[in-house]
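Encoded as structure tokens, the structure appears first; notes follow it.
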Amino acid sequence: MLPQMLRGLRPLVTKTGQVRALSQLSTINAEEVQKFSAKSAEWWDPHGEFGMLHLMNPTRVSYIRDRIAPIAQDSTPFKGLKMLDIGCGGGLLSESLVRLGGNVLGADASYNNIQMAMLHSRKDPALWTGPGQLEYRNTTAEDLLAEGESFDVVLAMEIIEHVNNPSEFLRVCADMVRPGGKLLLSTISRTPMAYFLTNFLAEDVLKMVHKGTHDWSKYIKSEELREAIHSLQGGWQVDDVRGIAWNPLRGRWVVSEKNGDIGVAGIGSLEVNYVLTASKTEFKFFAIDTQDWLGSSQNCAMGGQPY
Amino acid sequence: MATRQLKAIARLHSAKLLLPRIRTPVYGSSVPNCALHTSARTPQAQPVSAGKHSSAFSQGQSTSHIYDVVIVGGGVAGTALACSLASKPEFHSKKIALIEAFDLAPVKNWTPSENVYSNRVVSLTPSSVSLLKDIDVWRHLHQDRIKPYDDMQVWDAISGARVEFNTSMLGQGSADIPIAWMIENVHLQNGILASVAEHNSKGAKMEIIEKIKVSNISYEKNTDDSATGFDLSDWPTVELSNGQKLKTRLLVGADGANSPVRNFANINSLGWDYDTHAVVATLDMDPLRSNDTAWQRFLPTGPIAILPLKNGVSSMVWSTKPHLAAAIKALPEDSFCHLVNAALRLSTADLKFLYQELVENPESFGSLIKEELTWRESVKLKSKTDSEMREIEFSVPPNVVGVQKNSRAGFPLRLRNAERYIADRVALVGDAAHTIHPLAGQGLNQGLLDVQKLSEVLKMGVRNGEDIGHIHLLSHYASNRYGRNVAMLSACDKIHRLFGTELAPIVWARSFGFNAVNAFEPVKAEIMKYAMGLEQSTSDVKRSTDHN
Ligand SMILES: Cc1cc2nc3c(=O)[nH]c(=O)nc-3n(C[C@H](O)[C@H](O)[C@H](O)COP(=O)(O)OP(=O)(O)OC[C@H]3O[C@@H](n4cnc5c(N)ncnc54)[C@H](O)[C@@H]3O)c2cc1C
């Protein structure tokens, strides 16, 4: 299984080509943690460096909602879902998920980020009055898995491009998804267009973000990620992959209308930001209570059919 | 705001407020796999402590003073917003209050009394009507008390040039739509409040706090932090005249032209006062003529509009110089009616003479106006055939035969536009955001379009789990409404200025303009669609459906 997965991710295999034992492996790169911690104080400034991320948040939440609870009309479509926001940063996504009713664990390897997130969470009583629940933990994906945590939905948004060993990170995230649950990832593709926009324009020219924020060589193309997910253990399938692009005219981020449309105008080499949903379809039959299984509602992260 | 947040953050950091690493699991290991156990609820966990000095988020602390939305102002804009939010299931779990200084009981208990109409009426455009239908207000209105009209005659007193608008020009699909619907403000509000009550009976929890004024709005430092554990220092605190204090995620100013909310948010309101007052009145019209047309005559002192309410009853809005407005308001009933008829029929030179007499010899004005009107009309109609006389008669509104008791009132006219419609956790709607010349009857309609857009944006925010007071979300509202309102404001201002002059070239130009417009149906159709809000609503619908 593992070699198969590595084949899918060949360009991303660490230089040594080795995969160390899980317990010793931390997918968190100390340098990266340092970079973001230094900036954490500015995290929540709507006009600051993370402004673009703030603007992207509603768009990706809307995507998550469409994937997880497409039919729900009320304000708490994620009620009862246990969700992990890995790499939660200042808590932007975690807060939104809690407002939508999720039981959310926001985890981040940076102590400062977690502090930032916790401080900010005091600014909104709705995060604490339910039905959603919020917890922040200064920890890593590996530690959570080692502690035996599992979730209905694991979200790794804008993080896989920052970790040291993406294939291992992906496996750890996937293993924390309960059968029938979903894994959502968003990241930047390794295309010249992406390099131009994120490394050259955003860092060098416009100086919108700190130099060194992005490491182009770590970017992952959507096809690579798709293959890596298909080769994971546990009966994984990719439900949906779409591009997310900034629409300057409308002043907002927009997700492609069709599953599979990733690059600008559907041109693969133009793909930059994209978001992907995968579901774990393998059921552990001994764990199924047939009654509940039949009575499950649309609010749930059911492993759906491939699109 | 940005700097305030940064300062707050810097303060927190310099204070080295180290938070304990949270280990308490929020959810127990018994959280069911949702895919398998959907209806099972997570056991209520102990809330997390976020600071060692506070019993943060501890259970049992009252959050009853904490609101998601506080709307200040229970005029049409404020109540319509309350109704629009209450009509959406997304807001049923949100805590929302509307605060109105006046007693709303007379509005709630209003019943129509035949032939007696309020002097405060509005003409609703088709897009306002479709909003009112969407939020379930239309059903609550007395349909026979609403007057639709599909014909509008606008003419210029100096050149005599005339434009006639009729919805049959709009082509298929639009031909049956009235240009507008006349309705009394109190009737509209009565329907809105009835609809709010109905939404409340179906799950909404709209709180209406009336007979209580907002006395102060401020940001509060965290005095009661230790009590709740929350940091609401950037949430507006609304202080009421009964001493109550509400903290709100989003504060909406629907509090009219002198908006206290706008002042609190330090938003300037730009514009000027017209040297003009509007006299309104409810008129009894010649019952023998049908009453299905809205009339507007542009006089050098300002337009006079006669709007149908039912056969035999119309509403008047006469914009004129303040000293004339005061005199017109104070005239005995019969002289008043004669003067209104004169204003709709006589030449500007004759009117000038009448105004002069009105101001200089008020005692003898009554007998003068009566004679003048009869004489001038007889001269005008002399040696005309019957059909010519009919044509002349039908080119002006029916004769005004009476004015309803206590229905005359005067309003100073002004143009204002807030320099911004939003600030952090603040949004302005209706007259709080903009005040317009009433000549196109757009003020309240613009307010309703604000309401529609703001509630649509807030709904989108709730659906995406956003903090609905956040400036990023609110900016979608402002960017949609600001340009459109400014366009309408300046169009009406230009029309006011254009017609407020007697300089010959401008008069030629405008008569050419009027006649040209009148002769060119497609242009007329476009102007009419714009004023009816038709273009706006279709593009809004398109926008709202293609979001994301
Ligand atoms: C003569 C005239 C004719 C018009 N004709 C038309 C027309 O044909 N078509 C049209 O569309 N528009 C028309 N308009 C404009 C229209 O009437 C206004 O745009 C509309 O009424 C504004 O509604 P609003 O709810 O924004 O403000 P308002 O009606 O001013 O309501 C504001 C509310 O806030 C409350 N309030 C204020 N301060 C406080 C406080 N501190 N605490 C608590 N409550 C407070 C007030 O009591 C009031 O009820 C006309 C206006 C005039 C003057």
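We name chains A, B, ... by the order of the sequence lines, and we start the count at 1 in each one.
Around the NZ atom of Lys258(A), the shell of radius 6.0 Å holds no more than 12 heavy atoms that belong to other residues, nucleotides or ligands.
In terms of heavy atoms, Asn464(B) sits closest to Ser62(A) at OD1-CB, 3.1 Å.
Listed options Ser75(A), Gly51(A), Pro125(A), Ser96(A) were ranked by heavy-atom pairs under 4.5 angstrom with chain B; first place goes to Pro125(A). The choice from Lys94(B), Glu90(B), Lys95(B) that makes the most heavy-atom pairs within less than 4.5 Å of chain A is Glu90(B).
Taken to the nearest 0.5 Å, the OG atom of Ser93(B) stands 12.5 Å off from the CZ atom of Arg99(A).
Heavy-atom neighbours of chain A within the stretch residues 465-474 of chain B, taken at a separation under 4.5 angstrom, comprise Gly465(B), Glu466(B), Asp467(B), His470(B), Ile471(B), His472(B).
Of the possible donor and acceptor atoms, one in the side chain of Arg65(A) sits under 3.5 Å from a partner among the backbone N and O of Arg463(B). Looking only at distances, a side-chain donor or acceptor of Trp235(B) sits under 3.5 Å from a matching main-chain atom of Lys123(A).
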